[in-house]
Amino acid sequence: MTPEEVLAARDRLVPDVVAGGLRVLFCGINPGLMSAATGHHFARPGNRFWPVLHLSGFTPRQLKPAEQDELLSYGLGITNVVARASARADEISDEEFREGGRILTAKVELLRPKWLVVVGITAYRTAFGEKKAVVGPQERTIGETRVWVLPNPSGLNAHWTAQTMAEEYARLRAVSETGGPVPEAGG
């Protein structure tokens, strides 16, 4: 894919990978240009979503972005807070995030996943007006759907390594599989 083809993907949409009654609906911030150019979520080389999903035990092997539809067989799906693609998340306005939160709420009410998982704390805080939210399970529910916030898997997020992300994702996986209580961080 040429740089021109990637740049031409600005403002494109990437179709959701969703079905009703999913165990976990992962929600990215918005598609990057590589994702929009390929039509696959978390497609930029260096994005750690797919490796972390495998390291945390959600998938039996590391999927490639082009295999995203396989997630449905594991009870998993992907959507975004803001649908349009951009080169960087900071190109999205607060109002777009708030509108994205309203659209996402309606989507969750329709699809009724057990967990909505927003992968990006700043996007979650802005979209849902939860300025003090931290990574982990949230008090907020959408109908019967519980909400969890995980770190953004972008390679630009240097605060989290693939291993520490995988540990946090594994906390969610354990709860989503058993329906049991939420374990404390690090335990």
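Applying the salt bridge (charged side-chain N to carboxylate O under 4.0 Å, His left out) definition to pairs two or more places apart or across chains, those involving residues 50-74 are R61-E67, R61-E70.
Environment of CZ in R173: crowded, with over 12 heavy atoms of neighbouring residues, nucleotides or ligands closer than 6.0 Å. Counting heavy atoms of neighbouring residues, nucleotides and ligands inside a 6.0 Å radius, atom CD of E95 exceeds 12 of them.
In this structure, the side chain of E91 does not engage the main chain of S86 through any donor-acceptor pair within 3.5 Å.
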Audit row: V118, L150, side chain to side chain contact (heavy atoms under 4.5 Å, CB included) steps and yes/no: CA-CA 6 Å; V118 180; L150 288 173; over 6 Å; no
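Here the CG atom belonging to N80 is positioned 11.5 Å from the CD1 atom belonging to I103, to the nearest 0.5 angstrom. Taken from CG in N47 to CG in N152, the straight-line distance is 7.0 Å, to the nearest 0.5 Å. Distance check, rounded to the nearest 0.5 Å: CG of L13 to OG of S35 gives 12.5 Å. Interatomic distance, L53 CG to T59 OG1, rounded to the nearest 0.5 Å: 5.0 Å.
Taking the six-membered ring where tryptophan is involved, the planes of F26 and Y169 are essentially parallel, since the angle between them stays under 30° and well short of 60°. Taking the six-membered ring where the residue is Trp, W50 and F42 present perpendicular rings, their angle passing 60° and hence far from 30°.
In this structure, L33 shares a hydrophobic cluster with M1, V6, L7, M34, the cluster being traced through Ile, Leu, Val, Met, Phe, Trp and Tyr side chains under 4.5 angstrom apart.
Side-chain polar atoms of T79 and K107 form a donor-acceptor pair below 3.5 angstrom. With 3.5 Å as the limit, one finds no donor-acceptor pair spanning the side chains of R146 and T141.
With sequence neighbours excluded, no residue satisfies side-chain hydrogen bond (donor to acceptor under 3.5 Å, both in side chains) with S93.
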